[in-house]
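Note sheet for the following structure.
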2 protein chains.
Amino acid sequence: MAKKGKDTNTEEKILNAARQVFIEKGLSGARMQDIADKAEINKAMLHYYFKNKEMLFKLIFQETAGKLFPHFEKLMDSDLNFFDKIRSIVASYIDVIIQNPYIPLFVMNEMNKNPEIGMKTFFEAQKPGFVKKFRQAIENSIEMGLIEPINPIHLIMNMFSMCAFPFIAKPMIKILTGVEEEQFRNLMEQRKVLVAEFIINSIKK
Amino acid sequence: MAKKGKDTNTEEKILNAARQVFIEKGLSGARMQDIADKAEINKAMLHYYFKNKEMLFKLIFQETAGKLFPHFEKLMDSDLNFFDKIRSIVASYIDVIIQNPYIPLFVMNEMNKNPEIGMKTFFEAQKPGFVKKFRQAIENSIEMGLIEPINPIHLIMNMFSMCAFPFIAKPMIKILTGVEEEQFRNLMEQRKVLVAEFIINSIKK
DNA sequence: ACTTTTGTTAACCATTTGGTTAATTATATG
DNA sequence: CATATAATTAACCAAATGGTTAACAAAAGT
């Protein structure tokens, strides 16, 4: 009854291959043949399991972009104080990116190049929870006199900028600072606490 | 005697067109025909003036990437105090990006996708001046007890992250915050002072 | 057992793409 | 003016690319 016979192992292989190739080369740079090769299947199978390149890409993109929105809502609802919430978010967000270092650039780039591909609706579905609550928490903390006044949008931008940008700029950072792969990992590990403290230091009253 | 006849106006038109197309679509997404169309010339002219796609791209890329390294060395040599140097750098750097909002993403993306294309040597040529001096200034300020101890690399990362990342993440920011083009420009304008004060607030003793 | 459905393959196809060629026009230059 | 040189064009080409087809193998259903 299941639309695709037994174990659908091939579908998995295709998705894994597609994920690698798309993330490495982007939509326009990826070749269907590359994906087929990496999946060790015939190119025709790609179109058997997925309509065409765009469909396959959209699937991978949305799956990947989803990782950029961990479920911070629980965290926002927790009874941690505001500063500890920042500490938690920064640490776990950088951790997510350490585990998937290529996705920020991939997502940002494809969003710019293919504005149509239906990510507006996709993200608008994901959005409401976290950003709204975080904004509210910032405004509360300002009212309570816990932190200096700041436009919440700027604070959020600052936070995500410092978390994500170093991964996007990694090749340039390596060249400009002479840092190598291992040291880079160490630096990113350090940032899990450093960035939060940097922010808190700046806004605390 | 000049290798190319009269005014070489065509060469300019090609470069302008190539700049637009490459920045918008990237190396792999750009089509030589698009460039020719935008330049209002025959496709063969592209190869008459520039060997091939890669050559043309390399030219555009290096020219564009160069803009990401304004001449901050003079600024570092000036007699401004450390905090004012940060203020100046942030303001003028964000200004540069406001004038060329697409280049950070373009440069970062192409550096990731085409690590070979010879940007290592290119950037290593540009590098020594600014980063070295800024690092030194940070270390001095720490020794002088002007700011709290911090690894200079992290401070530099934080600064450039907050300057550049919002432009890279613009499409996502617009979706997540509901901000529109004009408000976005306003926000970025605000950041010219906000980011510097955010940093100074965090590190000053 | 046999028939239908699902999975897989090799060969094929049309279009796109980067690049070339040979002929033509414009521009200097003696 | 004549002629060499530079600029430009249309037509062409081979390779790459996304996608299809038709035939075949493997399961599943009866």
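A, B, ... follow the sequence lines: proteins, then strands. Residue 1 opens every chain.
Put simply, CG on Leu46(B) is 13 Å from C1' on dT20(C), counting in whole angstrom units. Per the geometry, CG belonging to Asp37(B) stands 13 Å off C1' belonging to dT17(C), to the nearest Å. dT15(C) atom P lies 17 Å from atom CD of Gln33(B), rounded to whole Å. One can place CZ of Phe50(A) at 12 Å from P of dG7(C), the figure rounded to the nearest angstrom. The NZ atom of Lys43(B) sits 17 Å away from the P atom of dA22(C) (whole-angstrom rounding). Lys51(A) places its NZ atom 10 Å from the C1' atom of dG19(D), with the value rounded to the nearest Å. Rounded to whole Å, atom C1' of dT20(C) lies 12 Å from atom CE of Met32(B). Atoms CG (Asn52(A)) and P (dT17(D)) sit 17 Å apart, rounded to a whole Å.
Across dT8(D), dT20(D), dT8(C), the shortest atom-to-atom separation from the side chain of Tyr49(A) is found for dT8(C). Distances were taken from every side-chain heavy atom of His47(A) (C-beta onward) to each of dG19(D), dT9(D), dT8(C); the shortest belongs to dG19(D). Here dA10(C) is the nucleotide among dA10(C), dG18(D), dT9(D) with the atom lying nearest to any side-chain atom of Ala44(A). Among the nucleotides dT9(D), dT20(D), dG19(C), the one closest to the side chain of Ile41(B) is dT9(D).
Put simply, Tyr48(B) has no side-chain N or O that comes within less than 4.0 Å of OP1 or OP2 on dG19(C).
Remark: the Asn158(A) side chain and the Arg191(B) side chain contain an N/O donor-acceptor pair separated by less than 3.5 Å.
Ring planes of Phe198(B) and Phe198(A): tilted class, angle from 30 to 60°.
Contact annotation for Met45(A): base contact, defined as any heavy-atom pair under 4.0 Å involving a base atom. Contacts of Ala36(B) with the nucleic acid, taken as non-hydrogen atoms under 4.0 Å apart, are absent.
Lys204(A) is listed as a side-chain neighbour of Asn201(A), based on a closest heavy-atom distance under 4.5 Å. The shortest distance between side-chain heavy atoms of Glu181(B) and Lys170(B) falls below 4.5 Å.
The 5' end of DNA chain D is approached more closely, in terms of each residue's nearest nucleotide, by Arg31(A) than by the other of Asn42(A) and Arg31(A).
A donor N or O paired with an acceptor N or O is not found under 3.5 Å between the base of dG19(C) and the side-chain atoms of Lys53(B).
Looking at every heavy atom in both residues, Gly26(A) comes nearest to Glu110(A) through CA-OE2, 3.2 Å.
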